[in-house]
Every structure is written in structure tokens, then in C-alpha cells.
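These values consider heavy atoms only, across backbone and side chains, with no hydrogens, waters or symmetry-generated copies.
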Amino acid sequence: MVITEYIADHFGEQGNAGFLPPTAEGRAKARLMVELSPFGSTFGILAKRNEPEALKTELAELRAQLHSFNDFLNVHASAASPFLLDEFCTAEAMLAPFLQRFCTLLPHYCGDEADVQLWCKEDGLEKLGAWIEAVTARPSVVETGVGSEAMIESIQKFLRMMDEKTGPWAPKT
């Protein structure tokens, strides 16, 4: 969040104001959104993909967190926009790469039972579903993100090391 705020401050001085929320309340909401986000758990969930019971538990916990995140959006997000505030802000910029990995990698490796966008529809998480769609479809996010195929390909080596317990995941002897 620190780097994102620095960039917003720096480029805001050059006519790109609006990326950093202009009010203390907006900045507080953006920070809180990042703190409450469940979208950083992708790799922990992927680590359980070959353990059906552990995966089921992780996904149930995630689904509950998504309900809480939807509740946060219902209370704090703009009614006039799918974003947290009226426009895309620092919180969404920071969460976008995590969200892209989440929405691509979980269904690919864990199946439909890990499809967050499907869960939003099934569970009536309308605000969260609209937020995910708006963030992932934003042109700046699409243009700077990694495509689905490249993302899946790049994660293969990482997952092999996790499965083989090599690299940083090797047991200490």
C-alpha cells in the first residue's frame, strides 16, 4: 500500500489526481479494504489442491471471508459505482494483481468448486461480484496484468517445487 500511495501522490501532482482518495475517510476505507481482503490466500489454497479434505476446509473458510468482504462493500462502497469509492482507487490498484491470480488460478487448479465469480452468483454476493468484474475489466488492469495462459504457465514451476518440497519449501535438515 505504501508504494501505491507514493505513486498516487507523485503522479497526482502531475494532473492524475483521484487515484488516491482525496479525503481521510476515503483513504481509511481504502486501507481497511486492503486489510480485510481475502485475495492474498491464493498460494496457500493451491498448496492444498492435492489434499481433498484440507482443500475443502480452505475453500469453506474462503467462502465465509468472501461473505464478510461483500458485507464490507455493502456498508462502505459507493452506491453509484462498482468500486469502493466513486472511482477506481489505490486499494483496487493494489488488490488487482491478487484478484487476477485468484480468479484465474483457483478455478484452473482446484476446479469449479473454487470459482469465486460463480460463488458470488450462487451466494447472492452482488456487490462483490460487481466489484470483481469492474476491477478485472478495468483497462489499466487488463493492460498491465498477466494473461491467463501466461499466468498458469508461470505458476507450474512454483507448484512443482511446492509438490516436491524443493526450493524454499524444502524441509530443513
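- Residues I152 and Y109 come closest through the heavy atom pair O-OH, 3.3 Å.
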Working note: C103 + I132, criterion side chain to side chain contact (heavy atoms under 4.5 Å, CB included); need CA distance, chi angles, decisive distance, verdict. CA-CA 9 Å; C103 292; I132 289 171; 3.9 Å; yes
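- Judged purely by atom type and a 3.5 angstrom limit, K29 has no side-chain atom pairing as donor or acceptor with the backbone of A77.
- Contact between T136 and V142 at its shortest, heavy atoms only, is O-CG2, 3.3 Å.
- When all heavy atoms are compared, the tightest approach of C89 to P21 is CB-CG, 4.2 Å.
- The line from CG of D163 to CD of Q156 is 10.0 Å long, rounded to the nearest 0.5 Å.
- The two residues A130 and P82 come nearest to each other via the heavy atoms O-CB, 3.8 Å.
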Report the C-alpha distance between W119 and L128 in whole Å, list the side-chain angles of each, state the deciding distance to 0.1 Å, and finish with yes or no for side chain to side chain contact (heavy atoms under 4.5 Å, CB included). CA-CA 10 Å; W119 288 352; L128 177 58; over 6 Å; no
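- Contacts of A64 classified as side chain to side chain contact (heavy atoms under 4.5 Å, CB included), with partners at least two apart in sequence or in another chain: none.
- To the nearest 0.5 angstrom, E25 atom CD is 9.0 Å from H76 atom NE2.
- A 6.0 Å sphere centred on CD of E51 holds more than 12 heavy atoms belonging to other residues, nucleotides or ligands.
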Check the pair V135 / F83 against side chain to side chain contact (heavy atoms under 4.5 Å, CB included), numbers first and verdict last. CA-CA 8 Å; V135 171; F83 298 115; 4.1 Å; yes
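- The side-chain heavy atoms of M151 and I155, taken from C-beta on, include no pair separated by under 4.5 Å.
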Step by step, would you call L95 with W131 a side chain to side chain contact (heavy atoms under 4.5 Å, CB included)? CA-CA 11 Å; L95 292 174; W131 179 81; 4.1 Å; yes
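- Annotation: the span from T23 atom OG1 to R27 atom CZ amounts to 6.5 Å, rounded to 0.5 Å.
- With hydrogens and angles ignored, the 3.5 Å screen pairs a side-chain donor or acceptor of D115 with a backbone N or O of Q117.
- The closest donor-acceptor contact from the side chain of R49 to the backbone of C110 lies at 3.5 Å or more, if one exists at all.
- Each salt bridge (charged side-chain N to carboxylate O under 4.0 Å, His left out) pair with one or both residues in residues 124-134, not counting sequence neighbours, would appear here, but there are none.
- Shown here for L118 and D112, the closest heavy-atom pair between the two residues is CD2-O, 4.2 Å.
- Summarising the geometry, atom CD belonging to E58 is positioned 12.5 Å from atom CD belonging to E53; distances are rounded to the nearest 0.5 Å.
- Side chain of T104 to backbone of R101: no donor-acceptor contact under 3.5 angstrom is found.
- The closest side-chain donor-acceptor pair between D86 and S78 falls under 3.5 angstrom.
- Residue R138 holds its CZ atom at 8.5 Å from CD of E87, rounded to the nearest 0.5 Å.
- Taking the charged nitrogens against the carboxylate oxygens, R63 and E122 do have a contact shorter than 4.0 Å, which makes a salt bridge.
- Closest approach of A114 to L106, counting heavy atoms only: O-CB, 3.5 Å.
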Can you give the donor-acceptor pairs under 3.5 Å from side chains of residues 33-48 to other protein atoms, not counting sequence neighbours?
from : atom 1 : to  : atom 2 : distance (Å)
S37  : OG     : F39 : N      : 3.1
S41  : OG     : P38 : O      : 3.0

